[in-house]
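Reviewing the structure listed below.
Just so you know, these numbers come straight off a predicted model, no measurement behind them. Numbers for residues simply follow the sequence, beginning at 1.
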Amino acid sequence: MKNTPAVSPTVYYSLIIAQFILPIIAACIDMFNVEPELELLDKTLYLEPQSWELTVMGIAGIIILTITIGLLLKKEWARKAYLYTFFPTFLLYFMPYMHWIYMSSFAAIFNDLAFVSAGILLMILVTPSLYQPIFQE
C-alpha cells in the first residue's frame, strides 16, 4: 500500500498563495464599495504613515517575501523562519498608521479567510508528520 502524504502539494501551495490573494480581494471589495459610512470613516480616521512606519513595513515586507519564496521552494530555513516570525508579524497591526482598520462585512470574510489559511499553514509547518512528506525531494 502506497503511503501518501496527508497534505498534498496543491493544498500546501494554495495555502501560501491564499494568504496574499484573499486580503487583496478584501481590499478591492472595500475600494469599490460605495457605502457612505466607509467613505466618511476614510475621510475622518485616515492618518499619514510616518517614515519609521514605512521603514518597518518595508523591512517586514522584504522578510515576508523572502520567507514566502523559501516556502514555495520547500526550504527548511523558510519553514523555521515562518514559525519564528508568525506571531511577531501581527505586531505590525499595532503601529499608529494601522490603528484604524475598518472594512465591510464582505471584505472581513476574505480577510478572516486569509488568517485561517495562515493558521492552517502554521499547523502544517509545526507538525512533523505533515510537513516532512511535503519537504522531501
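Proximity of Pro9 to Ile134: side-chain heavy atoms (C-beta onward) are nowhere separated by under 4.5 Å. In this structure the side chain of Trp77 reaches within 4.5 angstrom of the side chain of Thr66, judged on heavy atoms. Between Phe110 and Asp30, every side-chain heavy-atom pair lies at or beyond the 4.5 Å cut-off. You'll find the side chain of Tyr131 reaches within 4.5 Å of the side chain of Pro128, heavy atoms only. Annotation: side chain of Phe20 is in contact with side chain of Thr68 (closest heavy-atom distance under 4.5 Å).
Summarising the local packing, CZ of Phe90 is surrounded by more than 12 heavy atoms from other residues, nucleotides or ligands at distances under 6.0 Å. Counting non-hydrogen atoms of other residues, nucleotides and ligands closer than 6.0 Å to CZ of Phe106 gives a total of 12 or fewer.
Without hydrogens or angle criteria, Tyr12 side chain to Leu71 main chain gives a donor-acceptor distance under 3.5 Å. Using a distance-only test at 3.5 Å, with no hydrogens or angles considered, no donor-acceptor pair links the side chain of Thr127 to the main chain of Ile124. Not a single donor-acceptor pair under 3.5 Å links the side chain of Gln132 to the backbone N or O of Ser129.
The two residues Pro23 and Ala18 come nearest to each other via the heavy atoms CD-O, 3.9 Å. The shortest non-hydrogen separation linking Met103 to Ala108 is SD-CA, 3.3 Å. Of all non-hydrogen atoms in Thr85 and Ala81, the two that sit nearest each other are OG1-O, 2.7 Å. The minimum heavy-atom distance between Trp52 and Met95, with the atom names listed, is CZ3-SD, 4.0 Å.
Here CG of Leu83 is found 6.0 Å from CG of Leu122. Values are rounded to the nearest 0.5 Å. Residue Gln19 holds its CD atom at 12.0 Å from CD1 of Ile24, rounded to the nearest 0.5 Å. Atom CD1 in Ile67 sits 15.0 Å away from atom NZ in Lys75 (nearest 0.5 Å). Atom-to-atom distance recorded for Ile120:CD1 and Ser14:OG is 11.0 Å, nearest 0.5 angstrom. A distance of 7.5 Å separates CD1 of Ile16 from CG of Leu125, quoted to the nearest 0.5 Å.
Scanning for side-chain contact (heavy atoms from CB on, under 4.5 Å) contacts around Leu113 gives Leu22, Ile109, with sequence neighbours left out.
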Show me the side-chain donor-acceptor pairs of residues 55-65 shorter than 3.5 Å, one per line, residues at least two apart or across chains.
| unit_1 | atom_1 | unit_2 | atom_2 | d |
| --- | --- | --- | --- | --- |
| Thr55 | OG1 | Ser51 | O | 2.9 |

